[in-house]
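A short write-up of the structure that comes next.
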Amino acid sequence: MFPKNKNINTGAAILILIFALLFFILAVRFFYIQATGTAEGETLAPIAQKKYTRQATIEGHRGTIYDRKGKPVAEDTGAYTVVAILDKKQSNYVKNPEKTAEKLAPILKMDQDDLEERLSKKDRIQVELGSKGRDISHSVKTKIENLKLPGIAFIQDSKRFYPNGVFASHIIGYAQKNEAGKIIGKMGIEEIFDKQLTESDGYVKYESAQNGLKLPNPKESIKAPKNGDNIYLTLDEQIQTFVEDALNNVEKEYEPEKAIVVVANPKTGEILGMGNRPSFDPNIRDIQNYANEALMPFEPGSTMKIFTLAAAIQEGVFHGSELYQSGVYNVPNSAPIRDHNRTGWGPITFDEGVQRSSNVAFAMLADRLGADRYRSYLHKFGLDQKTGIDIPGEKSGIISYKYKRDQLTTAFGQGSLISPIQQIQGATAIANGGKMMKPYLIKKVVDPSTNKIVEEHKPTEVGQPVTGDTAKKVLDELEKVVTSEHGTGQTFAIPGYDVAGKTGTAQIPKDNGKGYQFGHGKNIFSFMGFAPKDDPKLIVYVAVKKPKLTPQEAGSAPSALLFKSVMKNSLQYLKIDPEETKKEQNDPPAEIGVNVNSYVGEPAEEAVKDLKDKGLKPILVGKGNQVEDQDLSGERLIKGEKVFLRTNGDLTMPNLTGWSYRDVLRFSNMLELKPSRVGDGYVTSQNLKVGSPVKKDDYLIVELGRPGEDKPKEEKKEDEKKQDEPQE
């Protein structure tokens, strides 16, 4: 028995020794790792930190673009991406791809077969539905949710949103996501200021358990996101709306090849409005023409005569009462220069020559100035170089000055190429006492986290081509273009305001560059106007290329429609009161406008009656019996215009059918709603139902078109009846 016990004791001793040795090795290893923090040459702390530290992204926002008064014209907004869950292990997955595709395709405007193919993919847990399934709005998401389709879900995202749709689109441009999902500026201010507008994301780091849950007392580190800088434009949203509405009307009525409007403050050079047709909606990027036509040079026509006249007056070679023979002016070794009616009007004064827009008169003035002296004025007015306006796309014009005839035809706007923005800059000297102001569109760039101004653009004088006395005399001459019985600008007169300006009818070169196009309406019809004449607060330039005219219509009809609408509405918006004009007004005084009182604190019923008696359209918002607020007071309005009154009761949504988008904006501003539109024209439908409650920051989405064009006559009459009554 003893040998057996001896063997057992020996084995136990060996095991104990082995375990002791292993424990010693592990203890040494533990203390080594504890002391050095490394194992197998690897530092363990970062590995452990990586394993037990979680990081969540805090998204930054791209900078917002605002108008001059702080109203957003481009901003980030919530959006959604549609995804389909295909994993059959999940409780909620796409069970019937064919039926799902059939219902989803019309809402997403996708091909049904393509959609069904995406939903039928094998061995896929989840799929997106392509570009048309990304960046969808909340209203589209709601439509899809109402279908209650199994397996269809949404990922919350953001997108670039342009609340006004077609609105200074060539200026603002657009931004969209690249392949990595980052929003990038692609055109206009969005592109040229992309670096300033771009945000940088932040993050939060915290310690977690192995399952990813945050520990009770985690060590957190936070890096705040850096939102992109905000950009404030010189554009005024209201004036820009006047521009867009006027362009819509001209486009609808005359179908021009192109149309341009520029509105400027001549005292500062600020561009208050600028629009083109064709244009586009940056939300959907239906772009036909990428060029901002206001920055593109073309033969300006007779608006060029403004600068020739100014140079001639400054140099003392213009004598208004002097007679000259109109009709033809012979040029040595070249074809003669003729007036636009080919025969002229016999011997007339130079004053009358300006009024009739005589080419011969201005060729003679250029001849009197001499080639070198006249060329120096083209330079002084900045017509031979870019203005340097602070948006992309400006092209340099060309002054054709090689031959004698070129020098003389440049004086009345033929042969040389000059852009509208160059003419606007030159015209500021005429409206600003001889001081020429550089046009600009960027007011300031602001860091949203500190409200610090990062960059600021201010009025810049870029020359004084003529004296204040000369500028005044030019305006006096240009006023007669509008008021004189011989004036070519009579159709541009605005009752109640003294307007000075110059018409232009430019020829369009043939496609082969040989000669000019001929035919009724095959011209660029333009007008440069100043108002009020004695102290211009606004310059408005308009141009319409190849409008479709009836045989009886004058070429100036579409450009006059543009100018009068924009200038009149803008002057009234700026509270520039009408004045008695020097010529007799054929229109009755009531047409000039009526004053609007303040009705705040008064009974709503009495306010409605008084406004109706004045020929205005009161729009009541709310169920109370006392007026708490109104959008216009102390202003002069034209008969038929709307006046919005908010009462002390619960606010309810009126019927907006037939309203212009300008009216929608006024209404939204008073109630502090967030408006946006689809299409152009007048309101045909609205997302907020008539009579439904309205509260601050509600989204108001309207669809624009031609109201009632598809309705039966009975429904049209009912809509018209509703619009004639105060609405609640």
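These figures come from a predicted structure and were not determined experimentally. Hydrogens, waters and symmetry mates play no part in the numbers below; they use all other heavy atoms, side chains included.
- With respect to D114 and R118, a salt bridge is recorded, a charged nitrogen being found less than 4.0 Å from a carboxylate O.
- Within the 3.5 Å criterion, the main-chain N or O of R134 finds no donor-acceptor partner in the side chain of K159.
- A salt bridge is defined here as a Lys NZ or Arg NE, NH1 or NH2 lying under 4.0 Å from an Asp or Glu carboxylate O, and K141 with E145 meets this definition.
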Carefully, step by step, assess Y93 and Q126 under the rule side-chain hydrogen bond (donor to acceptor under 3.5 Å, both in side chains). CA-CA 9 Å; Y93 68 94; Q126 179 177 297; over 6 Å; no
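- Of the possible donor and acceptor atoms, none in the side chain of N265 sits under 3.5 Å from a partner among the backbone N and O of G269.
- Considering all non-hydrogen atoms of both residues, M436 and G382 come closest at CE-N, 4.2 Å.
- E456 and Y232 share no side-chain donor-acceptor pair at under 3.5 Å.
- Atom NZ of K226 sits about 13.0 Å away from atom NE2 of H61, to the nearest 0.5 Å.
- One distance of note links CG of L233 with CG of L441; it measures 6.5 Å at 0.5 Å rounding.
- Residues L295 and I391 form a side-chain contact, since some pair of their non-hydrogen atoms from C-beta on lies under 4.5 Å apart.
- Contact annotation: the side chain of W659 approaches that of V683 to within less than 4.5 Å [non-hydrogen atoms, C-beta and beyond].
- Salt-bridge formation is detected for the pair R277/E244: a Lys NZ or Arg NE/NH1/NH2 atom is positioned less than 4.0 Å from an Asp or Glu carboxylate oxygen.
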Would you check, one step at a time, whether the test side-chain contact (heavy atoms from CB on, under 4.5 Å) holds for M187 with Y290? CA-CA 9 Å; M187 182 179 169; Y290 283 85; 3.8 Å; yes
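- Contact check for L673 versus V694: side-chain heavy atoms found under the 4.5 Å cut-off.
- The backbone N or O of I701 lies less than 3.5 Å from a partner atom in the side chain of N687, making a donor-acceptor pair.
- Taking NZ from K443 and CZ from R68, the interatomic distance works out to 4.5 Å, rounded to the nearest 0.5 Å.
- Looking at D286, its side chain does come within 3.5 Å of a backbone N or O of D281 through a donor-acceptor pair.
- When ring centroids are compared, H170 and F280 come within the 6.0 Å threshold.
- When all heavy atoms of P282 and S169 are compared, the pair lying nearest together is CD-OG, 3.6 Å.
- S668 places a side-chain N or O within 3.5 Å of a backbone atom of V664 that can act as its donor or acceptor partner.
- Environment of NZ in K395: sparse, with no more than 12 heavy atoms of neighbouring residues, nucleotides or ligands closer than 6.0 Å.
- With values rounded to the nearest 0.5 angstrom, Q240 atom CD is found 8.5 Å from L247 atom CG.
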Take I184 and K177 through the test side-chain contact (heavy atoms from CB on, under 4.5 Å) and record every step on the way to the result. CA-CA 6 Å; I184 303 294; K177 289 181 180 177; over 6 Å; no
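- A donor-acceptor pair shorter than 3.5 Å cannot be found between the side chains of S419 and E394.
- Formation of a donor-acceptor pair under 3.5 Å by the T77 side chain with backbone atoms of F161 is not found in this model.
- A pairwise comparison of heavy atoms in P300 and S526 identifies O-OG, 3.8 Å as the closest pair.
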Going through the distances and angles, do K71 and Y66 end up as a side-chain contact (heavy atoms from CB on, under 4.5 Å)? CA-CA 5 Å; K71 296 177 182 177; Y66 295 98; 5.8 Å; no
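- Using a distance-only test at 3.5 Å, with no hydrogens or angles considered, no donor-acceptor pair links the side chain of N276 to the main chain of S279.
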Assess the residue pair Q425 and M437 against the criterion (side-chain contact (heavy atoms from CB on, under 4.5 Å)); give the C-alpha distance rounded to whole Å, side-chain angles, the decisive distance to 0.1 Å, and a yes or no. CA-CA 6 Å; Q425 178 176 270; M437 307 303 293; over 6 Å; no
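- Between K642 and D663 there is a salt bridge, since a side-chain N of the basic residue sits under 4.0 Å from a carboxylate O of the acidic one.
- Nearest heavy atom pair, residue Q686 against residue V690, reads NE2-CG2, 4.1 Å.
- Looking at heavy atoms from C-beta onward, I136 lies in side-chain contact with F154 at the 4.5 angstrom threshold.
- Between E237 and K69 there is no salt bridge, since no side-chain nitrogen of the basic residue lies less than 4.0 Å from a carboxylate oxygen of the acidic one.
- Shown here is I398, whose CD1 atom has no more than 12 heavy atoms of other residues, nucleotides or ligands within 6.0 Å.
- Ion pairing between a basic and an acidic side chain is recognised when a charged N comes within 4.0 Å of a carboxylate O; R160 and D76 show such pairing.
- With hydrogens and angles disregarded, a donor-acceptor distance shorter than 3.5 Å links the side chain of N432 to the backbone of K435.
- T460 contributes a side-chain N or O that, together with a main-chain N or O of K458, makes up a donor-acceptor pair within less than 3.5 Å.
- To the nearest 0.5 Å, atoms NZ (K444) and CG (D229) are separated by 12.5 Å.
- Within a 6.0 Å sphere centred on CD1 of I125, heavy atoms belonging to other residues, nucleotides or ligands number 12 at most.
- In this structure, F242 and Y573 have perpendicular ring planes: the angle between them is above 60°, well past the 30° mark.
- For the atom pair M274 CE and T234 OG1, the distance stands at 8.5 Å (nearest 0.5 Å).
- Remark: side-chain polar atoms of S570 are not paired, donor with acceptor, to backbone N or O of M567 under 3.5 angstrom.
- The shortest heavy-atom contact between K103 and L147 is O-CD1, 3.9 Å.
- Ion pairing between E199 and R62 fails under the 4.0 Å rule for side-chain N and carboxylate O.
- With a 4.5 Å cut-off on side-chain heavy atoms, I152 and I144 count as touching.
- In this structure, L574 and L538 have side chains that are in contact, with non-hydrogen atoms separated by less than 4.5 Å.
- Within the 4.5 Å cutoff, side-chain heavy atoms of Q238 are placed close to those of R666.
- More than 12 non-hydrogen atoms from other residues, nucleotides or ligands lie less than 6.0 angstrom from CG of N289.
- Side-chain atoms of F193 and E191, non-hydrogen and from C-beta on, never get closer than 4.5 Å to each other.
- Heavy-atom minimum distance, D698 versus K695: OD2-N, 3.0 Å.
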